[in-house]
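Small disclaimer: the values here were computed from a predicted structure and weren't measured.
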Amino acid sequence: MGKKYNPKDFESKWQEQWFSKMEYSAQDLLSDKEKYYQLVELPYPSGPGMHIGHTRNYSMADAVVRLRRMMGQNVLFPIGWDAFGLPTENYALKVKRPPQEITTESIDNFRRQLKRLGLTFDWDREINTTDPEYYKWTQWIFLKLYEKDLAYMTDMPINWCPKCKTGCANEEVVDGKHERCNTPVEQKKLKQWVLRITEYADRLIDDLDSVEYLDSVKALQKNWIGRKTWYDIDYKIEGAEEVVRVSTTRPDTQFGATFVVVAPEHEILQRLKEQMPEENRGSVEEYIEESKNKSEIERLDESREKTGAFTGLYCINSISRKRLPIYVADLVLTTVGTGMVVGVPAHDKRDFEFAQKFNLPVIRVIEDLNGDRSEIESVEKVYTDEGVVFNSDFMDGLSTTDAQKEAGRYIEEKEIGEVKVRYHLRDWNFSRQRYWGEPIPIVHCEKCGIVPLKEEDLPLELPVLAEYEPSGDGQSPLANITDWVNTTCPKCGEPAKRETNTMPNWAGSSWYFLRYCDPHNDSELISKALDRYWMRIDHYEGGSEHITLHLLYSRFWHKFLYDIGVVGDPEPYQKRTIHGVVLGEDGVKMSKSRGNVISPDTLIEEYGADVTRAYLMFMGPYDGNVVWNTRTIEGVNKFVKRWFAFIQDAWESSEQSSEEVGVGVNRLVKKIEESVINWRFNTSIAAFMEFYNNYNSKTFSKADLETLITISSPIMPHLAEQLWDITGHNSLVNNQAWPKVDKEMLVEDTLEIPVQVNGKVRGRVTIGRGMSEDEVREIVEKNEKITTFLEGATIKKFIYVDGRIVNIIV
RNA sequence: GCCGGGGUGGUGGAACUGGCAGACACGCGGGACUUAAAAUCCCGUUCUAGCAAUAGAGUGGGGGUUCAAGUCCCCCCCUCGGCACCA
């Protein structure tokens, strides 16, 4: 075997050994080892296969789990396929083939690529969300949700994508467009399955205290849920018996309220119509009609001018006793508060703009931290920060926060309203009018209404169809399959019809990590013992695109499964981090249309798996975006070749290692261990290179060379295996124990430290280990280079930081 | 506007709990080997001045704490990501 690095000669050989022997499978319930569950996001198997981003992220996770196994941990590192959903279905429609077939092909291709990279996933735990054996349990969770009244049907208006011909969740609408296809969504009234995620809103926020997500991830979760305390207050309509309930989150500014705005869709407008003066009624009706024709996008356009119409009505603020005009305006949405809000122009920018447009008074009631009470005469001066309340009767002198509490107390005591927590989060629209998803296990019976399937009848399999083009009329393609749709009611046995909507893509991925722990269990979703052993997931590595929705949905389902006793922990993930993205050479996201896509297959073909992996890790920090650069991969390629030859040469000429070499090897072990565990692979590889630069001409003992081969294996596993073989070992190096750092070896007897004069480095001295300050001072004062800087000056202070640095102040 | 990251050579990026700024790599310059090229190897490379030893400046800008600041504190600028007529 030559010293020339030729990865094609050996990479596949070692892969076969790893995968056929299943050397790295996790061992269930093994109690004498520490368990470690490393989760990576399960990929969507699409036609083009593995993206360079997957290659990078999985290579990193693989390096970490290889190290952890060598350190003696029982590691669970599984993979699976999130294969239902629109991309495959749309592609299948285009090429006129069944999605089942396409999915199988894509998975086979993806699996081949992952293996070709040498990733040590636990292949006998592979799952596939489109496999009836898997989605049986997705359907089972749905039945449980239904049983607990957390899944319900409603015909609320939903977001409808006219291009994809399906409804979608609020979360999938970005800037008024369907995120998958960028088509503006419309509002459509459809009978929908909805999950009551709002029921879990508080816990989804509060339990974040028990996990170690990045701060930004926690903030995003909280932000999305958007918990706020609202103060709903009853105002009496002037000259009528009618009472309206208005909302505010700033009751401390009640005395500064100068108007009330109601959303155009608000039903109260119909009731109040009679009481409106003749001259206002017409314009109000006209305004309502106009706003009906406005699209969601138009309405949410912040930059457009404020519009609205005066109703001619007034109400009495039940806190300030002031008389406020009532306006209708589309800047208020029915879903916000009670759909009627209090306008306080002095302390809300939007209210100020509205007041200017309609010539309404501006009354300041909060002074700033400098006690400023000057008039608010421009938008820039609108004061929204904390301060002290004035001109506000019983709230005078209180801070804004205290005044809010006081107002809340007042409202409840006088029984003029209610303090209420509201959320931005809406219930989760769970129906899709498409074919390629989990069928919802429900039957509609004329007599019995909505009837769930019996658990023992699961899975309800998706029929294989010849035609599955969505009709666009709001019906799922399944609706046309009469012999599937027509069934009998599980309750009364009479003819009934199946639910034809399918579940969204999020369903299967909301619990997949549990199935990895117990993938072949056909009597339970997961056994209690395996759940208690493997969960919670120690580290979930993934992309930023899934930190709001997937995280929220899966945490919700997990809490539900905890509530019904399936799992033993209300939170699934202990730690969640976000990887960076590999951008194209032009600095832009890789895409087919831009032609800047780098294919992992090509790289592996040209450089081999190890160089590909190592380079992707070397490019930059784990959490940063990196720009692809074809030139710089050569640097890593060069190093890997040299490292391969160096170990072999050193082995042939091996003798005793000098103390210096021993120290160097130990340092390197420590550095590699720390940097890999902390996902700082770019510095691991730099450490290897640095070691090579400093030590490649030295003589090594066989034991030290074995150590070097062993520590190479997390990052360059094939190369390490090959070297282990060449040097006459009959085992797998990836199975060796991680070398123990010899702490004694790390401390040298003498060390060189810098000497500063007035904070500037002026020389260096060699001192002994454990020397006292006086001894060090003696050495420093004998050093000519330094004494030239001390001539004619008196030493004011001599600072010696043990083993680090000397600083002399003159 | 709010929330969360970031600003370090020509480039990607190092720098542990404050202790030699620029590790490692790319690029660039020079050299060795070669008839020549490729490959490989060696040397140099923050900026400014100088042949050089060396000196001065230097981590977005300004101020502060400290013997010592890329790192800590205050103010400002720029930038990336997320959310947003959220009342």
Undergrad: Test the A:R576-A:Y213 pair against the cation-pi criterion, namely NZ or CZ under 6.0 angstrom from the six-membered ring centroid and within 45° of the ring axis.
TA: no

Undergrad: Less than 4.0 angstrom between a side-chain N/O of A:K228 and OP1 or OP2 of B:C86, yes or no?
TA: no

Undergrad: When we call it a touch if two heavy atoms are under 4.0 Å apart, what does A:R422 touch: a base, just sugar-phosphate, or nothing?
TA: nothing

Undergrad: Is the A:Y573 ring parallel, tilted or perpendicular to the A:Y540 ring (thresholds 30°, 60°)?
TA: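 Tilted: the ring planes of A:Y573 and A:Y540 meet at 30° to 60°.
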
Undergrad: Taking B:U17 as the reference, what is the distance to B:G27 when you measure between their P atoms (whole Å, please)?
TA: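 These two P atoms come out 33 Å apart once rounded.
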
Undergrad: Write down the distance separating the P atoms in B:C47 and B:U59, rounded off to the nearest Å.
TA: 15 Å

Undergrad: NA contact type, A:R631, heavy-atom cut-off 4.0 Å: base, sugar-phosphate, or nothing?
TA: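 Here A:R631 touches the backbone only, sparing every base.
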
Undergrad: Going by an N to O cut-off under 4.0 Å, is there a salt bridge joining A:D206 and A:R227?
TA: yes

Undergrad: What's the gap between B:G19 and B:G12 when it is taken at their C1' atoms, as a whole Å value?
TA: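 It comes out at 27 Å once rounded to the nearest Å.
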
Undergrad: When the side chains of residues 622-629 of chain A are checked against the rest of the protein, which donor-acceptor pairs come out under 3.5 Å, sequence neighbours left out?
TA:
from: A:Y622; atom 1: OH; to: A:E541; atom 2: OE2; distance (Å): 2.9
from: A:Y622; atom 1: OH; to: A:T577; atom 2: OG1; distance (Å): 2.7
from: A:N625; atom 1: OD1; to: A:V581; atom 2: N; distance (Å): 2.9
from: A:W628; atom 1: NE1; to: A:T630; atom 2: OG1; distance (Å): 2.9
from: A:N629; atom 1: OD1; to: A:R631; atom 2: N; distance (Å): 2.9

Undergrad: Does a side-chain N-to-carboxylate-O contact under 4.0 Å join A:D232 and A:R422?
TA: yes

Undergrad: With respect to the side chain of A:M689, which nucleotide from B:A25, B:A55, B:A57 is positioned closest?
TA: B:A25

Undergrad: I'd like to know whether the aromatic ring centres of A:F639 and A:F618 sit less than 6.0 Å apart in this structure.
TA: no

Undergrad: Can you tell me if A:R667 touches the phosphate of B:A23, counting only side-chain N or O atoms and a distance under 4.0 Å to OP1 or OP2?
TA: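 False: A:R667 side-chain N/O out of range (4.0 Å or more) of B:A23 OP1/OP2.
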
Undergrad: Looking across every strand, which nucleic acid part, if any, lies under 4.0 Å from A:N693 by heavy atom: base, sugar-phosphate, or nothing?
TA: sugar-phosphate

Undergrad: For RNA chain B, what dot-bracket results from Watson-Crick or G-U pairs at under 3.5 Å, with [ ] for crossers and | for inter-strand partners?
TA: (((((((..(((......[....)))((((((.......))))))((((....))))..(((((..]....))))))))))))....

Undergrad: Taking atom C1' of B:C86 as reference, at what distance in whole Å does atom NE2 of A:H347 sit?
TA: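 Atom-to-atom, A:H347 to B:C86, this comes out as 19 Å.
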
Undergrad: Roughly how many Å apart are B:A39 and B:C28, using the P atom of each and rounding to a whole number?
TA: 12 Å

Undergrad: P atom, B:C3 versus B:A55: distance in rounded Å?
TA: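 To the nearest whole Å, 48 Å.
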
Undergrad: So which heavy atom on A:S59 is nearest to which on A:R613, and how close?
TA: OG-CG, 3.4 Å

Undergrad: Which nucleotide in the set B:C86, B:C26, B:A87 lies at the smallest distance from any side-chain heavy atom of A:H424?
TA: B:C86

Undergrad: Within the modelled atom types, does a donor on one side and an acceptor on the other bring the side chain of A:K306 and the base of B:C85 under 3.5 Å apart?
TA: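 Looking at the base of B:C85, it does pair with a donor or acceptor on the side chain of A:K306 (distance under 3.5 Å).
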
Undergrad: Can you tell me which nucleotide in B:G82, B:A87, B:G19 comes closest to the side chain of A:L220?
TA: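 It is B:G82.
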
Undergrad: Mind checking if A:K641 touches a base, just sugar-phosphate, or nothing, with heavy atoms under 4.0 Å?
TA: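 Nothing: the residue A:K641, judged by heavy atoms under 4.0 Å, touches no strand.
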
Undergrad: Using the C1' atom in both, what is the distance from B:G18 to B:C72, to the nearest Å?
TA: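 B:G18 and B:C72 have their C1' atoms separated by 8 Å.
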
Undergrad: Just the rounded figure in Å: distance from C1' of B:C85 to CG of A:L333.
TA: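 Whole-Å distance recorded here is 8 Å.
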
Undergrad: Select one nucleotide: of B:G4, B:A57, B:G12, the one nearest the side-chain heavy atoms of A:S216.
TA: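 So the nucleotide nearest the side chain must be B:G4.
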
Undergrad: Look at the aromatic rings of A:Y553 and A:W428 and report parallel, tilted or perpendicular, splitting at 30° and 60°.
TA: parallel

Undergrad: With a 3.5 Å cut-off and heavy atoms only, can you find an N or O donor on one side and an acceptor on the other between the side chain of A:R804 and the base of B:C16?
TA: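 By the distance-only test, yes, there is a pair.
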
Undergrad: Can you tell me, in whole Å, how much space there is between the C1' of B:A21 and that of B:U8?
TA: 8 Å

Undergrad: A:I799 near the nucleic acid: base, sugar-phosphate alone, or nothing, with a heavy-atom cut-off under 4.0 Å?
TA: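 Base contact.
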
Undergrad: Taking the side chain of A:F618 as its heavy atoms from C-beta onward, which of B:C20, B:C41, B:A25 lies nearest to it?
TA: B:A25

Undergrad: What contact category does A:Q756 fall into here, base, sugar-phosphate, or nothing, at under 4.0 angstrom with non-hydrogen atoms?
TA: base

Undergrad: Categorize A:N807 for me: base, sugar-phosphate, or nothing, with a 4.0 angstrom heavy-atom threshold over every strand shown.
TA: base

Undergrad: Just call it for A:N629: base, sugar-phosphate, or nothing, with non-hydrogen atoms closer than 4.0 Å on any strand.
TA: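 It contacts nothing in the nucleic acid.
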
Undergrad: In whole Å, what separates the P atom of B:C42 from that of B:G50?
TA: 32 Å

Undergrad: Nearest to the A:P621 side chain among B:A14, B:C24, B:G19, which nucleotide is it?
TA: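 Of all the options, the side chain of A:P621 is nearest to B:A14.
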
Undergrad: Quick check on B:C26: is either OP1 or OP2 less than 4.0 Å from any side-chain nitrogen or oxygen of A:K638?
TA: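 It does, given that an N or O in the side chain of A:K638 lies less than 4.0 Å from OP1 or OP2 of B:C26.
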
Undergrad: Kindly say if A:R680 contacts the phosphate of B:C16, meaning a side-chain N or O under 4.0 Å from OP1 or OP2.
TA: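 For B:C16, OP1/OP2 do not have a side-chain N/O of A:R680 under 4.0 Å.
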
Undergrad: How would you label the contact of A:G620 with the nucleic acid (heavy atoms, under 4.0 Å): base, sugar-phosphate, or nothing?
TA: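 A:G620: no heavy atom of the nucleic acid under 4.0 Å.
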
Undergrad: Step by step, work out the salt bridge (charged side-chain N to carboxylate O under 4.0 Å, His left out) result for A:K381 and A:D368.
TA: CA-CA 11 Å; A:K381 281 205 71 188; A:D368 74 10; over 6 Å; no

Undergrad: Please confirm whether the backbone N or O of A:K8 pairs with a side-chain atom of A:N6, one donor and one acceptor, at under 3.5 Å?
TA: no

Undergrad: Side-chain donor or acceptor of A:R250 under 3.5 Å from a matching atom on the base of B:A87?
TA: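 When only heavy-atom distances are counted, A:R250 does not reach the base of B:A87 through any donor-acceptor pair under 3.5 Å.
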
Undergrad: For A:K671 and B:A15, is the shortest distance between a side-chain N/O and OP1 or OP2 below 4.0 Å?
TA: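 For B:A15, OP1/OP2 do not have a side-chain N/O of A:K671 under 4.0 Å.
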
Undergrad: Where does B:G18 land, syn or anti, given syn is within 90° of 0?
TA: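 Because its glycosidic torsion lies more than 90° from 0, B:G18 adopts the anti conformation.
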
Undergrad: Which nucleotide, B:A23, B:C41, B:C20, lies nearest any side-chain atom of A:A686?
TA: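 Minimum distance to the A:A686 side chain belongs to B:A23.
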
Undergrad: Please state whether the phosphate of B:A84, meaning OP1 or OP2, lies under 4.0 angstrom from any side-chain nitrogen or oxygen of A:N223.
TA: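 No, no such contact exists.
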
Undergrad: How is A:R227 classified with respect to the nucleic acid when contacts are heavy atoms under 4.0 Å: base, sugar-phosphate, or nothing?
TA: nothing

